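So the structure is just underneath, and the comments pick up after that.
Fair warning: this is a prediction, and the values are worked out from it, not measured in the lab. Naming: A, B, ... by sequence-line order, numbering from 1 per chain.
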Protein chains: 2
Amino acid sequence: MEEVNKKILLVEDDPNFGAVLKDYLVINDFEVTLAKNGMEGFEKFKKDNFDLCILDVMMPYKDGYTLAREIREKNKEVPIIFLTAKSMKEDVLKGYKVGADDYLNKPFDSEVLLMKIKAIIQRKASETKTDNTKFEFQIGKFHLNSKLRFLTFENEEPIKLSPKENELLKMLALHENDLMPRELALTKIWRDDNYFTSRSMDVYIAKLRKYLKPDEDVEILNIHGEGFRLVIKNKVSE
Amino acid sequence: MEEVNKKILLVEDDPNFGAVLKDYLVINDFEVTLAKNGMEGFEKFKKDNFDLCILDVMMPYKDGYTLAREIREKNKEVPIIFLTAKSMKEDVLKGYKVGADDYLNKPFDSEVLLMKIKAIIQRKASETKTDNTKFEFQIGKFHLNSKLRFLTFENEEPIKLSPKENELLKMLALHENDLMPRELALTKIWRDDNYFTSRSMDVYIAKLRKYLKPDEDVEILNIHGEGFRLVIKNKVSE
DNA sequence: TAAAATATTAACCAAACATTAACAATCCTG
DNA sequence: CAGGATTGTTAATGTTTGGTTAATATTTTA
């Protein structure tokens, strides 16, 4: 198979620096789209499918953090690297909060950037085993359409699921009869793993259990300290 | 279960700086072991089970890189952060080559370090969760699924095991018919080796023996002063 | 922009789990 | 073989996690 180059969205307002960095990345076998401000960056992000975003923090109109937040709304997976003018503590902390994968202080060494890019893409690649193409699931006598967020019991009227209910049930279904680690759902769905998100998840588990009650053979079990398990008994076939 | 703090090995030759950094980390709920040179660092590394190593690069006798390489030989997983005196490109690249997870230039902001530590430990934790090491064991007429923490006797209902019961039984199974040193279980499972954890372990051994009673051919023997041995008699095949 | 839908936070209780204590049994060494 | 050290066992005490309901906050939608 022909190796497809990884796509990078580079958002940088300094045209000289942007061009140089772009060239450098292209030489190193990346496909680079350059945007010169946050506005343009977001437009280009929506039009394509990037493996990585490199965002300058200081930009006119729309700064890197705001852009990052918009990108995160569209896509919870894509890695983001920030470029900050100097090692400002608040910048760095803010970056991590918005979901950055790394940050880099200007001026930086290009080889270091390259190293980081490779490390991050590599990491994401190994994480992305979670299938997000499948969206229909048979769960005992229920049928879940996670695209429409419908949960249907036999021939009854479908129940509408909220986004979080939907994603959580889908993730459980993807791990049917197996452990779905708490942490996985928290980092993937809630994008944060702390006391409150954890409690929030418990609330959602309770909601799902309520929905699933009509089918005796479907159950969400807890594995203390680890996560949950969606068990489907008396399954006829696979 | 009492939350066990993460253990950090800090190797730093400047006693003042080392002490200050250690205190700072201790205040932030880490358990810190401070070594004042590479030699000592490696000795301490071998004696315990750390979640993270922070190594100063410039040290007498044995520099940070050499130490990192030795640590990597023993353990390919543990995250390593380097502290470099200044942003030397070669230093950074060399660090990555040796398998660093991050590096930090002195002087650095302590909050940034803390952030990095948390991010790295978090990342490692999520990687380890998906670790597909062996998790199913046949123990005489029992079957242990250590991922779901189930112990099943023939066709009966599975017994749910607590995390410690599970890990301990798994470790015994990994040393089937052989000595499982007390100290190994204590450092790996209890993450500490003292009078109380040792007694706690004995309590768990008693619990496991109770579970395993139904099969005459399975026994946990004590080897006085050494550890335990899971023996499985009349084994039909491997 | 108000109502509806969704999500988070709080509070309380129960269950699961781990540690400690206390005492008995066993082992080992001088 | 006496006595300290180690191990076996049960029970109590302590801690963390999870289940649940409801109040509050936030976002979406009409």
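- When atom types are taken as modelled, the side chain of B:Gln138 and the backbone of B:Phe142 share a donor-acceptor pair closer than 3.5 angstrom.
- Among the nucleotides C:dC17, C:dT8, C:dT19, the one closest to the side chain of B:Ser162 is C:dC17.
- Counting non-hydrogen atoms under 4.0 angstrom, B:Phe228 reaches the backbone sugars and phosphates but no base.
- Candidate nucleotides C:dT20, C:dA18, C:dA7 were compared by shortest atom distance to the side chain of A:Tyr204, and C:dA7 ranks first.
- Using a 4.0 Å heavy-atom distance criterion, A:Lys210 is classed as a sugar-phosphate-only contact.
- Closest to the B:Arg182 side chain, of the nucleotides D:dG8, C:dA11, D:dT7, is D:dT7.
- For the pair A:Lys147 and A:Phe135, the cation-pi criterion (under 6.0 Å, within 45° of the ring axis) is fulfilled.
- A donor atom on one side chain and an acceptor atom on the other are found under 3.5 Å apart for B:Ser198 and B:Arg182.
- OP1 or OP2 of C:dT19 has at least one side-chain nitrogen or oxygen of B:Ser200 nearer than 4.0 Å.
- Counting non-hydrogen atoms under 4.0 angstrom, B:Asp202 reaches a base of the nucleic acid.
- In this model, the phosphate group of D:dT9 is not approached by any side-chain N or O of B:Lys207 to a distance below 4.0 Å at OP1 or OP2.
- Listed nucleotides D:dT20, C:dT8, D:dG18 differ in distance to A:Trp190; the shortest reach to its side chain belongs to C:dT8.
- In the helix from C:dT1-D:dA30 to C:dG30-D:dC1, the terminal helix axes, each the rotation mapping four pairs' C1' atoms onto the next four within five end pairs, subtend 40°, rounded to 10°.
- Among the nucleotides C:dA7, D:dG19, C:dA16, the one closest to any side-chain atom of A:His224 is C:dA16.
- At the heavy-atom level, A:Arg209 lies under 4.0 Å from the strands shown only through sugar-phosphate atoms.
- For B:Arg149, taking side-chain heavy atoms from C-beta onward, the closest of the listed nucleotides C:dC17, C:dA11, C:dA7 is C:dC17.
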